[in-house]
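Report on the following structure.
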Amino acid sequence: MKRRELAHKMFPDISDTLSDLEQTYPKRYLERGAYVTRFAPSPTGFLHTGSLFTALISKSVAMRKNGVFFVRLEDTDTKREVEGAADSLLSDLALFGLNPDEGFLGTEEKGLYGPYRQSDRAAIYRTVIKQMIVDNKAYPCFCSNSDLDNLRKRQEKEKVVPGYYGRYAKCSTLTVDQALKKVNAGEDYVVRFRSKGNHQNKIVVSDLLRGDIEIAENDHHIVILKGDGLPTYHFAHLCDDHFMRTTLVTRGEEWLSSLPLHVELFKSMNFDLPKYAHLPLINKLDDGKKRKLSKRYDEEAAVSYFINLGYPLEAILTYLMSIANYNFEDWWRVNKRTDILKFPFQFENMSLDGALFDVEKLNFFAREFIAVLTAEEVLERLRDFSEAQNDEKLTKLITDNEAYFIKILNIERGGLKPRKDFTYFADIYEQIKFFFDEEYYPLFDNVGINLFNPKFSKELIINLLTSLKTNLVYRRGNEVWFDSLKKVASAFNFALTGREYRANPALYLGMTGDVAEMLRIAIVSSKQSPNMYEVLTILGKKRVNERIDYAIEKLSK
RNA sequence: GGCCCGUUGGAGAAGUGGUUUAACUCACCAGCCUUUCACGCUGGCAUACAUGGGUUCGAAUCCCGUACGGGUCGCCA
């Protein structure tokens, strides 16, 4: 048989058969209703927010019924491969706790269905293709790039669908002898799938999210093996998801249009078609228009953007899940500290149109998340963050002042109404740095000194601060302390309450709040701060007085 | 352009023919609380069912057309 000769000539190294592969990669034993899903990134850059979304859902679905979630590295595009991308993809995935049950893990592989890196699977692809050549389901194509360019131009002129199909599929009509001759002559070739489809026919394909979709049959003779000997995505999908026994393919909506092709591929090989869930894309609003998040233009497209700002990773997942399932937020409200993978994600509860990425909502979840951590947990994470960012100054500061940090982070933390003022970890030190003298003094020089209300004379402020220094009562609680402040204010003819002041502004210089503000500026160099009594207690009377003295000194100039 | 998917207030989104004068969450605004901020509470904003036909006693919900948005048409994935 001539075709066998051709196949052997093209793939002399292959002696295995399809049934060998079937035996090597047997069907998996699974619980009823369990899914085998996968995360299949190509190492062309950092983890994309959309990929994380897909991975989260794949993992959730697999976990539900003791299925399998595995990672396969799709590294067949050698031109676009980025050094180190595979490792960072994997480490980011691990950071998010989306640990695979099996697959490509960087330095090693786990599982019986490997190799899990496509560049290591050449023998498998070649075995399948060899059989396809024998069965006349595929053929070598000798068209050059310029041949294809010309074809496209011609088709554009003729106003027909561009592509290699039907009467345009020149090499599909080559006889086996002709092909053999070219191969023997050492001509370059790719391998194409011989489609039997008819574009006029409609087929029904099924998607877990969208239901049945009526769509034209594929009739394109797509490339399945590239000139470099590596498979294209479509063909790798066929071989890998069959022999890795994937039962549910979760991928972005952009793949929906190639589904007819994939259906034909599986059918032609008599492989069971996996189920598909084409997930909505995450978009962003750009100049009033909605568009897919783009790696190149949108900083929030790369998960690393949020990692570098120190967003709690749980919050990112929480946000993504809130996009994924409408009933998630209800669950979350009572499970704020529960592993998100415990949430029963369901495809039925997913909306079909791509959501706009909303940083504000992410910030909300992030604040909520940090607010329910203990001070120890916050510090632990702050330390991890500063180490990850190579912030030696902050790292050392934390190491040298652990107990102090804990006190600071404990202000108004805990209880039913915790303070919610940290959104991400890069934010924290900025907000609490006034607690450190080396930060406070320059801060007061640059900022604080200018914050005093011009309504009051410097002399008055100095006198008030001086009085506060000696008359404030610490150690007996917030109430007593604030009473002592009121007493000072009152002695200087400030109204006790805003209401009294507003009723008779002519009678007073100001109100207690004004005095509190002066003190606050002198102590924290800002008009805002957490509860002042707590701040003062943490700083200690000695340092408070030093700061007041400093403010007085500066005001006197 | 062909094909496919989608379309409920600024964002996410509930709703599957009558309980809808359309939930809920974020954002925003106001008031309360309050020594500031944050929290919390109360209220509000937002002319929200793309549009035109049809089916029906009745449509956000079913059908058809149109518009708009997105995706895809590679030896990229």
Side-chain angles (χ1 to χ4, degrees), chain A residues 40-42 44 74-77 79-80 141 143-145 148 152 156 159-164 188-192 199 205 207 209-210 213-216 220 222-234 236-237 251-260 278 280-281 283 285 289-292 319 322-330 332-333 349 351-365 367 371 411-412 415-422 431 478 481-482 485-486 489 497-498 511-517 519-521 524 526-533:
Chain A
S42 73
T44 55
E74 311 233 320
D75 58 344
T76 57
D77 187 354
K79 289 186 213 87
R80 295 207 305 179
C141 169
C143 291
S144 66
N145 279 327
L148 296 176
R152 185 171 308 114
E156 273 169 25
K159 293 205 158 66
V160 296
V161 178
Y164 208 83
D188 287 339
Y189 63 84
V190 300
V191 179
R192 286 185 184 271
H199 197 66
V205 295
D207 179 87
L209 280 169
R210 284 157 230 273
I213 300 163
E214 199 183 68
I215 187 171
H220 281 67
I222 55 114
V223 172
I224 55 179
L225 197 71
K226 300 185 283 185
D228 60 8
L230 291 168
T232 57
Y233 171 86
H234 309 291
H237 162 47
R251 50 166 37 165
E253 194 186 338
E254 71 263 31
W255 292 107
L256 198 55
S257 52
S258 42
L259 192 50
H278 290 92
L281 267 11
N283 302 285
L285 209 56
K289 289 195 168 179
K290 194 172 161 180
R291 65 166 170 75
K292 183 172 151 182
Y319 170 62
S322 83
I323 288 182
N325 263 192
Y326 71 80
N327 54 329
F328 170 73
E329 278 188 61
D330 287 338
W332 168 78
R333 243 180 292 284
N349 295 340
S351 128
L352 263 30
D353 56 339
L356 250 30
F357 194 89
D358 184 0
V359 180
E360 288 297 335
K361 187 116 188 191
L362 169 62
N363 288 345
F364 162 74
F365 284 121
R367 277 193 300 271
I411 298 174
E412 295 170 274
L416 289 171
K417 299 169 186 171
R419 200 175 173 80
K420 295 176 182 171
D421 48 4
F422 302 134
Q431 293 194 39
N478 187 33
W481 171 81
F482 196 59
L485 183 141
K486 278 192 209 162
T497 64
M511 53 186 157
T512 304
D514 294 321
V515 179
E517 183 182 274
L519 180 63
R520 175 170 285 114
I521 293 169
V524 309
S526 164
K527 286 187 183 180
Q528 290 112 40
S529 79
N531 180 289
M532 197 161 29
Y533 178 71

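Numbers restart at 1 for each chain; the letters A, B, ... are given by sequence-line order, proteins then strands.
At whole-Å resolution of the value, CD in Glu156(A) and C1' in G74(B) are 13 Å apart. Taking atom NE2 of His220(A) as the reference point, atom C1' of C75(B) lies 15 Å away to the nearest angstrom. In this structure, the NE2 atom of His199(A) is 11 Å from the C1' atom of C4(B), given to the nearest Å. Rounded to whole angstrom, the span from the CD1 atom of Ile222(A) across to the C1' atom of A77(B) amounts to 13 Å. Atom CG of Leu281(A) and atom P of G70(B) are 12 Å apart (whole Å). At whole-Å resolution of the value, CZ in Arg210(A) and P in G71(B) are 13 Å apart.
Put simply, Ser257(A) has no side-chain N or O that comes within less than 4.0 Å of OP1 or OP2 on C5(B). Side-chain N/O atoms of Tyr326(A) include one lying less than 4.0 angstrom from OP1 or OP2 on G15(B). Applying the 4.0 Å criterion to OP1 and OP2 of C75(B), one finds that Thr232(A) has every side-chain N and O outside that range. Checking the phosphate oxygens (OP1, OP2) of C75(B), no side-chain nitrogen or oxygen of Lys79(A) falls inside 4.0 Å.
Between C62(B) and U8(B), the distance separating the two P atoms is 14 Å to the nearest Å.
Using a 4.0 Å heavy-atom criterion, one finds that Asn363(A) contacts no nucleic acid atom at all.
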>> Each nucleotide in nucleotides 27-41 of chain B should get exactly one letter: B, S or -. Can you fill that in based on protein heavy atoms under 4.0 Å?
In response: S-------BBBBSS-

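If you look at Tyr319(A) and Phe364(A), their ring centroids are not closer than 6.0 Å.
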> Please, what dot-bracket string fits RNA chain B when only Watson-Crick and G-U pairs with both distances under 3.5 Å count, crossing ones use [ ] and pairs to another strand use |?
Replying inline: (((((((..(((.....[.....))).(((((.......))))).....(((((..]....))))))))))))....

> side chain to side chain contact (heavy atoms under 4.5 Å, CB included) between Tyr189(A) and Leu225(A): does it pass, once the steps are laid out?
Replying inline: CA-CA 9 Å; Tyr189(A) 63 84; Leu225(A) 197 71; 5.8 Å; no

